[in-house]
Amino acid sequence: KSSNDSIDKSHKFVVHATQILTKATAKCLGFSKQNTEREMSSSTRKKVQKKCKIRGYTLELDTVDEILSFESEFNNDSALDDPVDILLDLLATQPIKDKETVHRIATRVLGADAAINETPDGDGDDVIRASDLLIIDAFKVPKFRYDPIKKVFYKHTGSLPMHGDAFSKAALYKDRFLLLSQMLSRHKDFSKPAFDSELSDFGRCEISPIQSLIGQTGRRWVMGLISQLEDGHFYLEDLSASHEIIIFLDNIYKITAGFFVENTIVVAEGEMLLEGVFQVFNCGFPPLEGRDKSRQFLAGHDSFGSGTLTEQETLRLAKLEREAVNGNVVILSDIWLDNEEAMGKLERVLDAFENEDFVPCLFVLMGNFCSHPCNLGFHSFSNLRSQFGKLGQMIAAHPRLKEGSCFLFIPGPDDAGPSTVLPRPSLPKYLREELQNHIPNAIFSSNPCRMKFCSQEVVFFRQDLLYRMRRSCLMPPSTEETTDDFEHLVATITHQCHLCPLPLIVQPIIWNYDHSLYLYPTPHTTFDFHVQIVLGDRSEQKAFKYTGITCFNPGSFSSNGTFVVYRPDNQEVELSSL
């Protein structure tokens, strides 16, 4: 009995000791877990504070806590890589950056994230449909003007007649100048320092008004528009005055890449000569500005014309863009409907894509649609109408393409229309009626036109621009950066923020619709925002990526059998040919 009692006591002791060890172990593990969570929370807080400091935010502790809470609740499998960056970018548009504002934005983003990660019941949700593509006609692009006094952009709400008055022509040049001037004023090398000191002036180039050059000595930096007010005499103009310049290659130390033609806006360094002429030494285009900075300065205005999407819709389109199985875009230029060889080439292309596993979501067919210019001497419009009908029959003979692809038609410079002035309206209804009977979902737009493709913005422009730029160039382009003329062309239109910065006597433009040719904000690639420029040109097929913008020329399909397949999911440009 005594031995049994001792055994029971020993057993109780072991059980009690085991319970104590178990509690101690759990407590130690709890402390370890708490320490680990505390370290992770501390590192996350430091990361958030660093991101806020980079953006110039000074947030209170409760606001930072709200951001941390948002990150912990965000779905790790989301389409967004770093939710904190998205939230802070959205916070930049808010005047008050407090806890309530962060909570309101976080709630919207979390709701959109939950919606995009829901598993749909239906099939085919990874397919891009016509409703996911938005084509913006040039005559529907909203017009914004810059107020140099208030330093803000405001939307033009009045009417825009086709035939403008003299004020409209003057406003065309003024608006172009102000657009580039406000960008230059924010550039670190040309902005005026807040405090005058030797250190603050180091490396800075302050822009002087052209009016102030009279009586000045030494070198000065000016910004102005190149014009030829007298035959053989070139002037530099800004909003204050105009002054004759000497701008010959032998006297210039350096010029940047690009084509320098009349009507282009340049930044020049030089000095006044005793003859009263401004001698230019260094000349270049205004520097580019980051897209994020330009969009922030626009204060939420939609200058592209696609409208403002909710976070839920933006996330859905971004996910669809990456996962869509039919996301390819096929782009062809110069489709001569009156040329049997060209139509045979087009049928081969359609046959090839008809037999693919997944048909492209969009075919872009750019003019010219006739091998002869449709000018006053052209009298075969009825034949051209029937040829469009035959094109419709050819497309309808490919049922998978007719059902699953959209077809966008953009007129060329020699196609039928009211004139050769830019922007050009879509093809006349008389020519396209028979085609639309076969392809009801065919889209006819202006030249140029814009497209919102899921989360990307694409600009289509059909013009023989490279040939005209080279003919109108005042001096040979610089060979220091590149010897490729297409790269010079891309540098010109991006730095000028304009698709066609040629003199109006070379390429007329409707004065009140010059804004439809703007490329502002400057097209830079960001997280979920990509911009592509498609320049349909008779010149050689090319593709070039310049400061984040993808620009390519599909070449002449009827002459060379070349075309382009663009893959939006990875921004890949596939130069193709028969």
Would a distance-only check, ignoring hydrogens and angles, find a side-chain to backbone donor-acceptor pair under 3.5 Å from [X] to [Y]?
X	Y	result
Q541	S576	yes
D302	G305	yes
T483	T479	no
R462	G367	yes
K345	S558	yes
H488	S478	yes
D415	F369	yes
S405	L362	no
R186	Q182	yes
T562	P554	yes

Give every residue pair that meets the salt bridge (Lys or Arg N to Asp or Glu O under 4.0 Å) criterion with at least one member in [range], sequence neighbours excluded.
range	answer
residues 481-508	R470-D485, D484-K542
residues 228-247	none
residues 495-504	none
residues 158-176	R145-D175, R176-D514

task: Please lay out, stage by stage, how R450 and D137 fare under the test salt bridge (charged side-chain N to carboxylate O under 4.0 Å, His left out).
output: CA-CA 7 Å; R450 306 179 179 193; D137 192 277; over 6 Å; no
Would [X] and [Y] count as a close aromatic pair, with their ring centres under 6.0 Å?
X	Y	result
F409	F444	yes
H301	F153	no
F285	F260	yes
Y546	H495	yes

task: Please round to the nearest 0.5 Å and tell me the distance separating atom CG of N263 and atom SG of C500.
output: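 Atom-to-atom, N263:CG and C500:SG are 10.0 Å apart.
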Tell me every residue that passes ring-ring contact (aromatic ring centres under 6.0 Å, His included) with [X], counting only those two or more places apart in sequence or in another chain.
X	result
Y154	none
F177	none
F353	F363
F557	none

field: F190 and W221 aromatic ring geometry - parallel, tilted or perpendicular at 30°/60° bounds
entry: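 The arrangement is perpendicular - the two ring planes meet at more than 60°.
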Does either side chain, that of [X] or that of [Y], offer a donor lying less than 3.5 Å from an acceptor on the other one?
X	Y	answer
Y518	Q496	no
S371	D338	yes
E262	Q228	yes

Looking at side-chain heavy atoms only, is the closest gap between [X] and [Y] below 4.5 Å?
X	Y	answer
F278	Q216	no
M469	V261	yes
C497	M183	yes
I210	S242	no

So which heavy atom on [X] is nearest to which on [Y], and how close?
X	Y	result
L465	L499	CD2-O, 3.2 Å
T420	P413	CG2-O, 4.1 Å
F139	P423	CZ-O, 3.4 Å
N328	P360	O-CB, 3.4 Å
H498	I509	CE1-CD1, 4.0 Å
D414	N368	N-OD1, 2.9 Å

Just wondering, more than 12 heavy atoms not from [X] lying within 6.0 Å of its [atom1]?
X	atom1	value
H156	NE2	yes
L229	CG	yes
Y467	OH	no

query: Stepwise, does the side chain to side chain contact (heavy atoms under 4.5 Å, CB included) test hold for F259 with S472?
result: CA-CA 9 Å; F259 293 114; S472 305; over 6 Å; no
message: For E574, give me all partners under salt bridge (Lys or Arg N to Asp or Glu O under 4.0 Å), at least two apart in sequence or on another chain.
response: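 Per chain and number, E574 pairs via salt bridge (Lys or Arg N to Asp or Glu O under 4.0 Å) with R567.
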Verdict with reasoning, R220 to E269, per salt bridge (charged side-chain N to carboxylate O under 4.0 Å, His left out): CA-CA 6 Å; R220 294 286 187 273; E269 181 192 20; over 6 Å; no
query: Which one of V573, V490, I549 satisfies the side chain to side chain contact (heavy atoms under 4.5 Å, CB included) criterion with F544?
result: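 Only one option passes, and that is V490.
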- prompt: Run the side chain to side chain contact (heavy atoms under 4.5 Å, CB included) check on R348 and L578 step by step: do they pass?
  reply: CA-CA 9 Å; R348 288 175 57 191; L578 291 175; 4.2 Å; yes
For residues 385-392, which side-chain N or O atoms pair as donor and acceptor with protein atoms under 3.5 Å away, sequence neighbours left out?
| from | atom 1 | to | atom 2 | distance (Å) |
| --- | --- | --- | --- | --- |
| R385 | NE | E434 | OE2 | 3.4 |
| R385 | NH1 | Y430 | O | 2.5 |
| R385 | NH1 | E433 | OE1 | 3.0 |
| R385 | NH2 | E433 | OE1 | 3.4 |
| S386 | OG | N383 | O | 2.6 |

- request: Please lay out, stage by stage, how S426 and R432 fare under the test side chain to side chain contact (heavy atoms under 4.5 Å, CB included).
  value: CA-CA 10 Å; S426 60; R432 66 195 197 202; 3.2 Å; yes
- request: Determine, step by step, whether V329 and V565 satisfy the side chain to side chain contact (heavy atoms under 4.5 Å, CB included) criterion, reporting the C-alpha distance in whole Å, the side-chain angles of both residues, the deciding distance to 0.1 Å, and the verdict.
  value: CA-CA 6 Å; V329 179; V565 178; over 6 Å; no
message: Run the side chain to side chain donor-acceptor pair (under 3.5 Å) test against N553 and tell me which residues pass, sequence neighbours left out.
response: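 N553 satisfies side chain to side chain donor-acceptor pair (under 3.5 Å) with S539 once adjacent residues are dropped.
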- prompt: Which side-chain hydrogen bond (donor to acceptor under 3.5 Å, both in side chains) pairs, counting each pair once, include a residue from residues 500-513, with sequence neighbours left out?
  reply: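 Of all non-adjacent pairs touching residues 500-513, those that pass side-chain hydrogen bond (donor to acceptor under 3.5 Å, both in side chains) are S168-N512, Q463-Q507, R468-Q507.
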